[in-house]
Protein chains: 2
Amino acid sequence: MGDLPRMKRRTRQHQAIYDVIVAADRPLLAQEILTLAAGAVPQLSIATVYRTIKALQETCTIKAVLLPGQNPRYEPADHSHHHYFQCRQCERVFDVGTCPGNLDNLVPSGFTLEDHEIILYGRCCECSTGQEQATRLVR
Amino acid sequence: MGDLPRMKRRTRQHQAIYDVIVAADRPLLAQEILTLAAGAVPQLSIATVYRTIKALQETCTIKAVLLPGQNPRYEPADHSHHHYFQCRQCERVFDVGTCPGNLDNLVPSGFTLEDHEIILYGRCCECSTGQEQATRLVR
DNA sequence: CTACAAATGATATCGCATTCGCAATAGCGG
DNA sequence: CCGCTATTGCGAATGCGATATCATTTGTAG
(Lines give C-alpha, C1' and ligand atoms only; values in the text may rest on other atoms or scores of the structure.)
Protein backbone atom coordinates (compact mmCIF):
# COMPACT_ATOMS: atom_id res chain seq x y z
CA MET A 1 0.00 0.00 0.00
CA GLY A 2 2.63 2.49 1.05
CA ASP A 3 5.61 2.85 3.26
CA LEU A 4 5.57 2.26 6.95
CA PRO A 5 7.33 4.70 9.22
CA ARG A 6 10.64 3.28 10.35
CA MET A 7 10.29 0.73 13.07
CA LYS A 8 13.22 -1.47 13.77
CA ARG A 9 11.76 -4.39 11.95
CA ARG A 10 9.17 -4.70 9.24
CA THR A 11 6.52 -7.20 10.20
CA ARG A 12 3.39 -8.53 8.55
CA GLN A 13 1.39 -7.17 11.46
CA HIS A 14 2.60 -3.59 11.09
CA GLN A 15 2.05 -3.66 7.36
CA ALA A 16 -1.45 -5.10 7.68
CA ILE A 17 -2.50 -2.52 10.26
CA TYR A 18 -1.04 0.35 8.29
CA ASP A 19 -2.64 -0.83 5.07
CA VAL A 20 -6.06 -1.09 6.66
CA ILE A 21 -5.95 2.44 8.05
CA VAL A 22 -4.77 3.94 4.79
CA ALA A 23 -7.21 1.98 2.67
CA ALA A 24 -10.21 2.93 4.78
CA ASP A 25 -12.14 5.96 3.61
CA ARG A 26 -13.08 6.75 7.19
CA PRO A 27 -11.59 6.74 10.71
CA LEU A 28 -11.48 3.27 12.30
CA LEU A 29 -11.86 2.04 15.85
CA ALA A 30 -9.11 -0.14 17.29
CA GLN A 31 -11.53 -3.05 17.13
CA GLU A 32 -12.31 -2.35 13.49
CA ILE A 33 -8.62 -2.24 12.71
CA LEU A 34 -8.23 -5.59 14.41
CA THR A 35 -11.11 -7.15 12.51
CA LEU A 36 -10.01 -5.80 9.15
CA ALA A 37 -6.29 -6.47 9.55
CA ALA A 38 -7.04 -9.97 10.78
CA GLY A 39 -7.97 -10.70 7.19
CA ALA A 40 -4.28 -10.51 6.36
CA VAL A 41 -2.88 -11.78 9.67
CA PRO A 42 -5.51 -14.08 11.16
CA GLN A 43 -4.19 -14.52 14.68
CA LEU A 44 -3.51 -10.78 15.07
CA SER A 45 -3.75 -9.62 18.67
CA ILE A 46 -5.49 -6.50 19.95
CA ALA A 47 -2.34 -5.74 21.93
CA THR A 48 -0.37 -5.53 18.71
CA VAL A 49 -3.01 -3.24 17.24
CA TYR A 50 -2.70 -0.87 20.19
CA ARG A 51 1.11 -1.03 20.13
CA THR A 52 1.18 -0.23 16.44
CA ILE A 53 -1.39 2.55 16.74
CA LYS A 54 0.78 4.16 19.38
CA ALA A 55 3.90 3.90 17.23
CA LEU A 56 2.11 5.33 14.20
CA GLN A 57 0.83 8.24 16.25
CA GLU A 58 4.28 9.00 17.59
CA THR A 59 5.60 9.31 14.07
CA CYS A 60 2.57 11.41 13.10
CA THR A 61 1.57 8.85 10.49
CA ILE A 62 -1.94 8.58 11.88
CA LYS A 63 -3.98 10.69 14.25
CA ALA A 64 -6.79 10.00 16.66
CA VAL A 65 -10.33 11.15 15.86
CA LEU A 66 -12.33 11.71 19.04
CA LEU A 67 -16.10 11.90 19.13
CA PRO A 68 -18.11 12.67 22.25
CA GLY A 69 -18.66 9.63 24.44
CA GLN A 70 -16.95 7.23 22.07
CA ASN A 71 -13.71 5.34 21.73
CA PRO A 72 -10.97 6.88 19.61
CA ARG A 73 -10.88 6.25 15.89
CA TYR A 74 -7.77 6.56 13.73
CA GLU A 75 -7.08 7.93 10.28
CA PRO A 76 -3.99 8.99 8.30
CA ALA A 77 -2.54 12.21 9.65
CA ASP A 78 -1.97 13.79 6.25
CA HIS A 79 -5.61 14.75 5.74
CA SER A 80 -6.21 18.47 5.75
CA HIS A 81 -8.65 20.24 8.09
CA HIS A 82 -12.04 18.63 7.90
CA HIS A 83 -14.97 17.45 10.00
CA TYR A 84 -16.98 14.31 10.66
CA PHE A 85 -20.35 12.80 10.02
CA GLN A 86 -21.59 9.92 12.12
CA CYS A 87 -24.39 7.68 10.92
CA ARG A 88 -26.84 6.99 13.73
CA GLN A 89 -27.76 3.63 12.27
CA CYS A 90 -24.48 1.93 11.33
CA GLU A 91 -22.44 4.14 13.68
CA ARG A 92 -19.68 4.60 11.15
CA VAL A 93 -17.89 7.93 10.99
CA PHE A 94 -17.16 9.61 7.68
CA ASP A 95 -14.93 12.52 6.77
CA VAL A 96 -16.63 15.66 5.56
CA GLY A 97 -14.35 17.63 3.31
CA THR A 98 -15.74 21.10 3.60
CA CYS A 99 -15.65 23.49 6.52
CA PRO A 100 -17.94 26.47 6.94
CA GLY A 101 -14.91 28.51 7.96
CA ASN A 102 -15.13 31.61 10.07
CA LEU A 103 -16.87 30.98 13.38
CA ASP A 104 -15.49 34.01 15.21
CA ASN A 105 -18.95 35.49 15.46
CA LEU A 106 -20.01 32.64 17.76
CA VAL A 107 -17.43 33.49 20.38
CA PRO A 108 -18.34 35.70 23.35
CA SER A 109 -16.37 38.92 23.56
CA GLY A 110 -13.11 38.57 25.43
CA PHE A 111 -12.75 34.95 24.38
CA THR A 112 -10.04 33.90 21.93
CA LEU A 113 -10.98 31.30 19.34
CA GLU A 114 -8.13 28.99 18.39
CA ASP A 115 -9.80 25.97 16.87
CA HIS A 116 -13.11 24.27 16.32
CA GLU A 117 -14.70 20.90 15.74
CA ILE A 118 -17.94 20.14 13.94
CA ILE A 119 -19.70 16.81 14.15
CA LEU A 120 -22.71 16.02 12.02
CA TYR A 121 -25.18 13.28 12.86
CA GLY A 122 -27.72 11.56 10.66
CA ARG A 123 -27.97 8.76 8.12
CA CYS A 124 -25.20 7.82 5.77
CA CYS A 125 -25.84 7.18 2.11
CA GLU A 126 -26.45 3.46 2.54
CA CYS A 127 -28.59 3.78 5.64
CA SER A 128 -30.67 6.62 4.15
CA THR A 129 -31.96 4.52 1.28
CA GLY A 130 -32.59 0.93 2.20
CA GLN A 131 -34.20 0.39 5.57
CA GLU A 132 -32.41 -2.94 5.89
CA GLN A 133 -30.82 -3.24 9.33
CA ALA A 134 -27.25 -2.54 8.34
CA THR A 135 -24.32 -4.44 9.75
CA ARG A 136 -22.64 -2.20 12.25
CA LEU A 137 -19.21 -0.67 12.00
CA VAL A 138 -17.20 -3.08 9.90
CA ARG A 139 -18.09 -4.13 6.38
CA MET B 1 -32.98 28.24 44.26
CA GLY B 2 -35.83 26.49 42.55
CA ASP B 3 -37.95 23.41 42.74
CA LEU B 4 -36.57 19.94 42.57
CA PRO B 5 -38.39 17.40 40.45
CA ARG B 6 -40.41 15.07 42.61
CA MET B 7 -38.34 12.48 44.35
CA LYS B 8 -39.90 10.58 47.18
CA ARG B 9 -38.17 12.67 49.80
CA ARG B 10 -36.62 16.08 49.78
CA THR B 11 -33.09 16.01 51.15
CA ARG B 12 -30.38 18.57 51.70
CA GLN B 13 -28.16 16.62 49.29
CA HIS B 14 -30.61 16.74 46.39
CA GLN B 15 -31.25 20.39 46.93
CA ALA B 16 -27.56 21.27 47.12
CA ILE B 17 -26.75 19.34 43.93
CA TYR B 18 -29.66 20.82 42.05
CA ASP B 19 -28.82 24.34 43.21
CA VAL B 20 -25.20 24.03 42.11
CA ILE B 21 -26.14 22.87 38.61
CA VAL B 22 -28.72 25.61 38.16
CA ALA B 23 -26.51 28.33 39.57
CA ALA B 24 -23.53 27.45 37.38
CA ASP B 25 -23.30 29.37 34.14
CA ARG B 26 -21.63 26.40 32.49
CA PRO B 27 -21.86 22.58 32.36
CA LEU B 28 -20.23 20.89 35.35
CA LEU B 29 -18.36 17.61 35.76
CA ALA B 30 -19.57 15.17 38.41
CA GLN B 31 -16.46 16.01 40.39
CA GLU B 32 -17.13 19.73 40.14
CA ILE B 33 -20.67 19.19 41.33
CA LEU B 34 -19.30 17.25 44.29
CA THR B 35 -16.80 19.97 45.17
CA LEU B 36 -19.29 22.79 44.83
CA ALA B 37 -22.21 21.09 46.56
CA ALA B 38 -19.93 20.01 49.38
CA GLY B 39 -19.95 23.65 50.36
CA ALA B 40 -23.53 23.16 51.52
CA VAL B 41 -23.31 19.51 52.55
CA PRO B 42 -19.72 18.90 53.62
CA GLN B 43 -19.64 15.12 53.83
CA LEU B 44 -21.43 14.71 50.49
CA SER B 45 -20.52 11.48 48.73
CA ILE B 46 -19.72 11.07 45.05
CA ALA B 47 -22.19 8.18 45.03
CA THR B 48 -24.99 10.55 45.96
CA VAL B 49 -23.88 12.92 43.24
CA TYR B 50 -24.11 10.18 40.62
CA ARG B 51 -27.44 8.95 41.98
CA THR B 52 -28.90 12.42 41.89
CA ILE B 53 -27.52 13.17 38.43
CA LYS B 54 -29.19 10.03 37.15
CA ALA B 55 -32.51 10.96 38.75
CA LEU B 56 -32.36 14.49 37.39
CA GLN B 57 -31.62 13.17 33.92
CA GLU B 58 -34.54 10.76 34.06
CA THR B 59 -36.91 13.60 34.80
CA CYS B 60 -35.26 15.68 32.04
CA THR B 61 -34.29 18.33 34.56
CA ILE B 62 -30.67 18.25 33.48
CA LYS B 63 -28.88 16.83 30.46
CA ALA B 64 -25.41 15.51 29.80
CA VAL B 65 -22.96 17.56 27.74
CA LEU B 66 -20.40 15.31 26.04
CA LEU B 67 -17.13 16.59 24.66
CA PRO B 68 -14.64 14.43 22.77
CA GLY B 69 -12.37 12.43 25.06
CA GLN B 70 -13.81 13.89 28.25
CA ASN B 71 -16.11 12.93 31.05
CA PRO B 72 -19.73 14.06 30.86
CA ARG B 73 -20.73 17.46 32.14
CA TYR B 74 -24.24 18.41 33.20
CA GLU B 75 -26.42 21.48 32.75
CA PRO B 76 -30.11 22.32 33.07
CA ALA B 77 -32.12 20.72 30.28
CA ASP B 78 -34.24 23.78 29.57
CA HIS B 79 -31.53 25.56 27.61
CA SER B 80 -32.33 25.93 23.94
CA HIS B 81 -30.08 24.65 21.14
CA HIS B 82 -26.57 25.96 21.57
CA HIS B 83 -22.93 24.98 21.40
CA TYR B 84 -19.84 24.92 23.58
CA PHE B 85 -16.51 26.63 24.03
CA GLN B 86 -13.75 24.95 25.98
CA CYS B 87 -10.86 26.95 27.38
CA ARG B 88 -7.58 25.16 26.78
CA GLN B 89 -6.04 26.69 29.88
CA CYS B 90 -8.62 26.32 32.66
CA GLU B 91 -10.47 23.49 30.83
CA ARG B 92 -13.85 24.92 31.72
CA VAL B 93 -16.65 24.59 29.20
CA PHE B 94 -18.95 27.52 28.42
CA ASP B 95 -22.22 27.72 26.56
CA VAL B 96 -22.22 29.61 23.30
CA GLY B 97 -25.63 30.97 22.55
CA THR B 98 -25.55 31.37 18.83
CA CYS B 99 -25.57 28.73 16.13
CA PRO B 100 -24.49 29.28 12.53
CA GLY B 101 -27.55 27.33 11.46
CA ASN B 102 -27.78 25.57 8.15
CA LEU B 103 -24.99 23.08 7.63
CA ASP B 104 -26.67 21.00 4.94
CA ASN B 105 -24.09 22.09 2.41
CA LEU B 106 -21.41 20.18 4.36
CA VAL B 107 -23.13 16.85 3.94
CA PRO B 108 -22.19 14.52 1.07
CA SER B 109 -25.00 13.77 -1.35
CA GLY B 110 -27.15 10.85 -0.30
CA PHE B 111 -26.53 11.53 3.36
CA THR B 112 -29.30 12.82 5.63
CA LEU B 113 -28.37 15.44 8.18
CA GLU B 114 -30.37 15.21 11.41
CA ASP B 115 -28.31 17.08 13.95
CA HIS B 116 -24.96 18.69 14.60
CA GLU B 117 -22.56 19.65 17.32
CA ILE B 118 -20.01 22.46 17.28
CA ILE B 119 -17.22 22.73 19.79
CA LEU B 120 -14.97 25.75 19.94
CA TYR B 121 -11.54 25.70 21.57
CA GLY B 122 -9.39 28.57 22.73
CA ARG B 123 -8.99 30.87 25.70
CA CYS B 124 -11.83 32.06 27.85
CA CYS B 125 -12.17 35.67 28.86
CA GLU B 126 -10.20 35.30 32.09
CA CYS B 127 -7.45 33.18 30.58
CA SER B 128 -7.10 35.43 27.54
CA THR B 129 -6.12 38.47 29.56
CA GLY B 130 -4.02 37.64 32.56
CA GLN B 131 -1.34 35.04 31.98
CA GLU B 132 -1.65 33.93 35.57
CA GLN B 133 -1.88 30.17 35.76
CA ALA B 134 -5.57 29.86 36.47
CA THR B 135 -6.96 27.38 38.92
CA ARG B 136 -8.46 24.58 36.92
CA LEU B 137 -12.10 23.67 36.65
CA VAL B 138 -13.67 24.79 39.91
CA ARG B 139 -13.57 28.31 41.22
C1' DC C 1 -43.36 11.32 68.70
C1' DT C 2 -42.98 6.87 66.20
C1' DA C 3 -42.14 3.82 62.82
C1' DC C 4 -41.08 2.71 58.35
C1' DA C 5 -38.81 3.10 54.21
C1' DA C 6 -36.14 6.23 51.26
C1' DA C 7 -31.72 8.21 50.99
C1' DT C 8 -26.98 8.58 52.32
C1' DG C 9 -21.88 7.65 53.08
C1' DA C 10 -18.21 4.75 52.78
C1' DT C 11 -16.21 1.48 50.27
C1' DA C 12 -16.12 -2.59 47.45
C1' DT C 13 -17.02 -3.88 42.95
C1' DC C 14 -17.92 -3.61 38.05
C1' DG C 15 -17.13 -2.72 33.03
C1' DC C 16 -14.25 -1.98 29.73
C1' DA C 17 -10.60 0.05 27.03
C1' DT C 18 -5.91 -0.16 27.24
C1' DT C 19 -1.38 -1.79 28.85
C1' DC C 20 1.88 -5.11 30.88
C1' DG C 21 4.64 -9.40 31.52
C1' DC C 22 6.71 -12.95 29.50
C1' DA C 23 7.66 -16.98 26.84
C1' DA C 24 7.59 -17.95 21.98
C1' DT C 25 8.22 -16.27 17.25
C1' DA C 26 10.41 -14.26 13.52
C1' DG C 27 13.05 -10.15 11.09
C1' DC C 28 17.50 -9.25 9.59
C1' DG C 29 22.58 -8.31 9.71
C1' DG C 30 26.50 -10.90 9.05
C1' DC D 1 22.17 -20.56 7.91
C1' DC D 2 22.94 -18.41 12.80
C1' DG D 3 22.14 -15.78 16.42
C1' DC D 4 20.52 -11.77 18.45
C1' DT D 5 16.79 -9.22 19.86
C1' DA D 6 12.62 -6.70 18.35
C1' DT D 7 8.05 -8.09 18.01
C1' DT D 8 4.13 -10.92 18.84
C1' DG D 9 0.21 -13.41 21.14
C1' DC D 10 -1.96 -14.48 25.03
C1' DG D 11 -3.79 -13.72 29.27
C1' DA D 12 -3.37 -11.15 33.41
C1' DA D 13 -3.19 -6.61 35.29
C1' DT D 14 -4.31 -1.72 35.36
C1' DG D 15 -6.84 2.67 35.59
C1' DC D 16 -10.74 4.89 36.32
C1' DG D 17 -15.44 6.39 35.93
C1' DA D 18 -19.56 4.69 37.42
C1' DT D 19 -22.46 1.50 40.10
C1' DA D 20 -23.70 -1.81 43.77
C1' DT D 21 -23.79 -3.16 48.64
C1' DC D 22 -25.23 -2.42 53.12
C1' DA D 23 -25.37 -0.56 57.67
C1' DT D 24 -26.76 3.90 59.26
C1' DT D 25 -29.19 8.22 58.95
C1' DT D 26 -33.12 10.93 58.10
C1' DG D 27 -37.61 12.52 55.80
C1' DT D 28 -42.27 12.17 56.48
C1' DA D 29 -46.97 10.18 56.95
C1' DG D 30 -49.92 9.34 60.57
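In the text below, chain A, chain B and the rest are named by the order of the sequence lines, each starting its count at 1.
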Nearest whole angstrom, please: distance from the [atom2] of [N] to the [atom1] of [X].
X     : N      : atom1 : atom2 : result
A:R10 : C:dC28 : CZ    : P     : 8 Å
A:I53 : C:dT18 : CD1   : P     : 8 Å
A:L67 : C:dA17 : CG    : P     : 16 Å
A:Q31 : C:dG15 : CD    : P     : 18 Å
A:Q15 : C:dG27 : CD    : P     : 12 Å
A:E58 : C:dT19 : CD    : P     : 10 Å
A:L29 : C:dC16 : CG    : P     : 15 Å
A:L34 : D:dC10 : CG    : P     : 10 Å

Go through [options] for me and flag the one nearest to the [X] side chain.
X     : options               : result
B:N71 : D:dT19, C:dT8, D:dG17 : D:dG17
A:K8  : C:dG27, D:dA6, D:dA18 : D:dA6
B:Q13 : C:dT8, C:dT11, D:dG9  : C:dT8

_Do B:E126 and B:Q89 pair up side chain to side chain, a donor and an acceptor below 3.5 Å, judged on atom types alone?_
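No - no donor-acceptor pair under 3.5 Å links their side chains.
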For A:Q86 and A:Q70, does a side-chain donor sit closer than 3.5 Å to a side-chain acceptor?
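A donor-acceptor contact under 3.5 Å links the two side chains.
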Checklist line | Ring-ring centroid check B:F85 B:H83, cutoff 6.0 Å | finding: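 Ring centroids of B:F85 and B:H83 are no less than 6.0 Å from each other.
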**OP:** Could you tell me whether B:H81 and B:H116 have their ring centroids closer than 6.0 angstrom?
**Re:**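 Ring-ring flag for B:H81/B:H116: true, centres closer than 6.0 Å.
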Electrostatic pair B:E114:A:R88 at N-O distance under 4.0 angstrom: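 Judged by the 4.0 Å cut-off on N to carboxylate O distance, B:E114 and A:R88 do form a salt bridge.
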Please compare B:L44 and B:R9 by the position of their nearest nucleotide in DNA chain C and report the one closer to 5'.
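First, find each residue's nearest nucleotide; the 5'-ward one identifies B:R9.
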State whether the distance check finds a donor on one side and an acceptor on the other, under 3.5 Å, for side chain B:R12 versus base D:dG27.
->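 In this structure, the two groups form no donor-acceptor pair.
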Side-chain N,O ([X]) to OP1/OP2 ([N]) below 4.0 Å:
X     : N      : answer
B:Y50 : D:dA18 : yes
B:T48 : C:dG9  : yes
A:H14 : D:dT8  : yes
A:T11 : C:dA26 : no

Discussion item. Using a 4.0 Å heavy-atom cut-off, does B:P42 contact any base of the nucleic acid, only the sugar-phosphate backbone, or nothing at all?
Written reply: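 Nothing: the residue B:P42, judged by heavy atoms under 4.0 Å, touches no strand.
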### Query
Mapping B:R51 and A:R51 onto DNA chain D by nearest heavy atom, which one lands closer to the 5' end?
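Mapping each residue to its closest nucleotide by heavy atoms, the 5'-most match is A:R51.
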